[in-house]
There are 2 protein chains.
Amino acid sequence: MATGRTHRPATRSRGIPEATVARLPLYLRALTALSERSVPTVSSEELATAAGVNSAKLRKDFSYLGSYGTRGVGYDVEYLVYQISRELGLTQDWPVVIVGIGNLGAALANYGGFASRGFRVAALIDADPAMAGKPVAGMPVQHSDELERIISDNGVSIGVIATPAGAAQQVCERLVAAGVTSILNFAPTVLSVPDGVDVRKVDLSIELQILAFHEQRKAGEEAAAEAALAAAAEREGIAEAAADGTAAHRKGPDGDVPAVMPA
Amino acid sequence: MATGRTHRPATRSRGIPEATVARLPLYLRALTALSERSVPTVSSEELATAAGVNSAKLRKDFSYLGSYGTRGVGYDVEYLVYQISRELGLTQDWPVVIVGIGNLGAALANYGGFASRGFRVAALIDADPAMAGKPVAGMPVQHSDELERIISDNGVSIGVIATPAGAAQQVCERLVAAGVTSILNFAPTVLSVPDGVDVRKVDLSIELQILAFHEQRKAGEEAAAEAALAAAAEREGIAEAAADGTAAHRKGPDGDVPAVMPA
DNA sequence: ATGTCTTTGTGAACGCGTGCACAAAGATAG
DNA sequence: CTATCTTTGTGCACGCGTTCACAAAGACAT
């Protein structure tokens with residue numbers, strides 16, 4: 001999921017595996033919810049279910065951060081919130097710019113999840129002069145001519161690209177040249193960036209396509225199951241049929257059409 | 001990245017690894033671009049760079065689909081587009097509902113990438129009665145009372161949840177009960193679903209937090225490098241200083257502030 | 001037909017991530 | 001203080017995914 005050829009070889013950043021880093025925000029969210037309910041401690045089991053992972057995995061993840069639990073009791077919620085926040089770098093303020101204020105960019109600007117965790121939208125930038133000055137999420141949109149100045153004035157190191165695909169690479173280059181070293185890309189393009197710049201990609205249509213694949217497979221399996229049933233029904237009297245799963249494949253009255261999908 | 005406890009144990013769907021499936025849409029996009037430029041064939045090398053992956057990986061991925069290339073020449077673009085589309089199930093029409101027409105839902109409804117590939121937005125659904133009838137992306141928003149009817153009338157099997165976190169689980173349950181078996185979740189919650197239902201999650205703030213982690217680490221490394229340099233400069237004359245990296249930690253005029261991060 | 005050159009397809013090795021299962025650690029009760 | 005019970009932290013094994021490196025396959029020239 002990460003990016004198009006970014007992320008150093010096999011990033012084990014400082015002993016913390018990439019897969020673990022990707023789960024820390026999940027734990028943090030679950031912990032924050034517990035904290036708001038004033039729950040003092042949680043067991044790995046409870047927290048794991050709340051975060052939607054397996055408890056062994058959670059414990060191993062935490063073991064990379066240090067030993068913050070108490071055996072026989074569990075983890076101190078507040079303390080863990082602090083440790084994870086610090087590890088993720090959320091105890092400091094991250095100014096962020098959003099480039100491309102179309103439907104998606106506006107949605108992002110309004111998204112509460114950003115501001116809630118150390119992220120501050122420093123500016124909204126769009127190439128359309130007609131957008132300039134328009135307020136979006138209580139903040140005036142600025143023209144992309146200002147991009148370099150905004151980034152340097154605010155010390156922005158994280159940029160969000162929500163432009164059309166055609167503009168993304170160019171915007172990316174300007175961001176990087178101006179000093180941005182982390183990019184969250186919503187445009188459906190592979191960005192190429194110099195070493196040292198991180199890119200993460202969020203692609204809506206890709207996610208849907210993956211779902212479609214599984215959906216299709218489910219439909220196919222159903223059909224296969226039905227076919228297997230039919231074949232089984234038809235087979236009575238033929239005792240020496242192969243007992244293993246291959247029976248489902250070489251099924252049917254004639255031919256060897258695989259039940260799953262036409263080749 | 002996938003979901004909150006969905007996806008069967010280690011889904012090797014029909015010999016096609018999950019990781020490969022996740023890349024197919026990438027290849028498809030690159031191939032479509034080539035197709036539009038009427039390029040007849042591509043080598044694995046060219047296509048790999050276009051898709052932002054390594055060519056060996058690409059070839060192995062394609063090998064799971066069958067042998068669609070010609071040695072010494074490469075892959076036929078059109079043929080490959082067709083094969084991948086078919087494998088992903090994009091040759092058929094997938095009606096989709098979007099639930100929760102806030103900023104994000106509207107952005108999704110307007111997102112061209114959906115319609116372009118077999119996906120058809122069958123309905124926009126929102127719980128707010130004031131939204132009902134309002135046109136978004138040229139389509140009237142319908143009230144959530146209609147949810148079950150819409151799904152069954154249109155044979156919808158894929159649902160997109162773009163509601164606030166609090167409503168997501170309930171919406172999810174209604175979708176599943178009505179027959180939806182694949183869900184794309186944009187709400188920042190762990191959805192729990194029965195077996196046989198696929199959930200994929202897209203979480204904007206999580207991606208940002210992962211970036212923040214790497215950003216912080218970069219800053220830390222820079223600081224460490226500077227500290228090491230400073231230490232080296234300061235060390236001239238003191239020949240017996242420890243030669244290993246620990247020098248960077250016990251640095252500075254006084255105190256022992258670790259250069260990387262306060263423990 | 002033969003040889004050369006290009007590019008695919010894949011066997012094999014390696015490394016990361018996951019999950020099991022258990023020993024160590026601490027709480028708690030008697 | 002001892003015993004018991006809970007829950008963490010982790011060694012270990014296994015499987016998936018990635019990458020290398022090369023043989024097989026075909027195109028193309030002669």
Side-chain angles (χ1 to χ4, degrees), chain A residues 1-24 26-27 31 39-77 79-80 83 210, chain B residues 1-24 26-27 31 39-77 79-80 83 210:
Chain A
M1 137 95 16
T3 87
R5 103 102 214 294
T6 347
H7 279 254
R8 48 211 61 59
T11 310
R12 181 107 54 90
S13 302
R14 112 114 172 306
I16 303 186
E18 191 61 25
T20 296
V21 173
R23 279 188 295 267
L24 290 182
L26 241 57
Y27 302 144
L31 284 164
V39 178
T41 59
V42 267
S43 68
S44 62
E45 197 66 51
E46 292 167 318
L47 185 54
T49 24
V53 303
N54 161 322
S55 74
K57 197 185 297 188
L58 178 143
R59 286 198 301 275
K60 180 145 292 196
D61 282 343
F62 285 176
S63 80
Y64 292 115
L65 308 186
S67 291
Y68 296 145
T70 308
R71 301 180 189 222
V73 177
Y75 299 91
D76 182 279
V77 173
Y79 187 56
L80 204 47
Q83 290 299 344
I210 297 173
Chain B
M1 136 107 1
T3 86
R5 103 101 213 296
T6 348
H7 278 253
R8 46 209 66 56
T11 311
R12 181 109 52 89
S13 303
R14 107 107 172 315
I16 303 185
E18 191 61 24
T20 295
V21 172
R23 279 187 296 266
L24 291 182
L26 241 57
Y27 302 144
L31 284 164
V39 178
T41 59
V42 268
S43 68
S44 63
E45 199 65 52
E46 292 167 318
L47 186 53
T49 23
V53 302
N54 161 321
S55 73
K57 197 185 295 188
L58 178 142
R59 286 199 299 277
K60 178 141 289 196
D61 282 345
F62 285 176
S63 79
Y64 292 116
L65 309 184
S67 291
Y68 297 144
T70 307
R71 299 181 191 220
V73 176
Y75 299 91
D76 182 279
V77 172
Y79 187 56
L80 204 46
Q83 290 299 344
I210 296 172

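Below, chain A is the first sequence line, B the second, and so on; all start at residue 1. Side-chain atoms are counted along with the backbone in the values below, which use heavy atoms only and exclude waters and symmetry mates. Keep in mind that what you see is a predicted model, and the values were worked out from it rather than measured.
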Fill in the blank from the handout: On a heavy-atom basis, the closest approach of A:Ser44 and A:Ser55 is O-CB, 3.9 Å

Exercise for the section: Measure across A:Gly15 and A:Tyr64 and return the closest heavy-atom pair with its distance rounded to 0.1 Å. Expected result: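 Scanning both residues completely, I find the closest heavy atoms to be O-CD2, 3.6 Å.
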
Rounded interatomic separation in angstrom, taking [atom1] from [X] and [atom2] from [N]:
{"X": "A:Tyr75", "N": "D:dT6", "atom1": "OH", "atom2": "P", "value": "18 Å"}
{"X": "B:Arg59", "N": "C:dG11", "atom1": "CZ", "atom2": "C1'", "value": "13 Å"}
{"X": "B:Asp76", "N": "D:dG26", "atom1": "CG", "atom2": "P", "value": "16 Å"}
{"X": "A:Asp61", "N": "C:dC16", "atom1": "CG", "atom2": "P", "value": "16 Å"}
{"X": "B:Phe62", "N": "C:dT10", "atom1": "CZ", "atom2": "P", "value": "14 Å"}
{"X": "B:Leu58", "N": "C:dT8", "atom1": "CG", "atom2": "P", "value": "9 Å"}
{"X": "B:Lys57", "N": "D:dC16", "atom1": "NZ", "atom2": "C1'", "value": "13 Å"}
{"X": "B:Glu45", "N": "D:dC20", "atom1": "CD", "atom2": "P", "value": "11 Å"}

Fill in the blank from the handout: Expected string for nucleotides 23-30 of chain C under the B/S/- scheme (protein heavy atoms, under 4.0 Å, primed atoms plus P, OP1, OP2 as sugar-phosphate) is -BB-S---

Practice task
Please determine if a side-chain N or O atom of B:Ser43 lies less than 4.0 Å away from the OP1 or OP2 oxygen of C:dT7.
Solution key: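 So the side-chain polar atoms of B:Ser43 never come under 4.0 Å of the phosphate oxygens OP1 or OP2 of C:dT7.
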
Practice task
Check whether any side-chain N or O of A:Ser44 sits under 4.0 Å from OP1 or OP2 of D:dT8, and answer yes or no.
Solution key: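 Yes, because at least one side-chain N or O of A:Ser44 sits under 4.0 Å from OP1 or OP2 of D:dT8.
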
Problem - Of A:Gly69 and A:Lys60, the one whose closest DNA chain D nucleotide lies more 5' - result: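 Looking at the nearest nucleotide for each, A:Gly69 comes out on the 5' side.
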
Problem - Nucleotide nearest A:Pro17 (side chain, heavy atoms from C-beta), chosen from C:dG17, D:dT8, C:dT18 - result: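 Selected nucleotide (nearest to the side chain): C:dG17.
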
Practice task
Measure from the side-chain heavy atoms of B:Ser63 and tell me the nearest of C:dT10, C:dG19, D:dT18.
Solution key: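 Nearest to the side chain of B:Ser63 among the choices is C:dT10.
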
Interatomic distance, [X] atom [atom1] to [Y] atom [atom2] [nearest 0.5 angstrom]:
{"X": "B:Leu47", "Y": "B:Thr41", "atom1": "CG", "atom2": "OG1", "result": "11.0 Å"}
{"X": "A:Asp76", "Y": "A:Gln83", "atom1": "CG", "atom2": "CD", "result": "10.5 Å"}
{"X": "A:Tyr79", "Y": "A:Leu31", "atom1": "OH", "atom2": "CG", "result": "13.5 Å"}

Handout entry: Partner residues of A:Arg59 under the salt bridge (Lys or Arg N to Asp or Glu O under 4.0 Å) criterion, sequence neighbours left out
Key = none

Exercise for the section: Name all residues meeting the ring pair (Phe, Tyr, Trp, His ring centres under 6.0 Å) criterion together with B:Tyr75; count only those two or more places apart in sequence or in a different chain, and write none if there are none. Expected result: B:Phe62

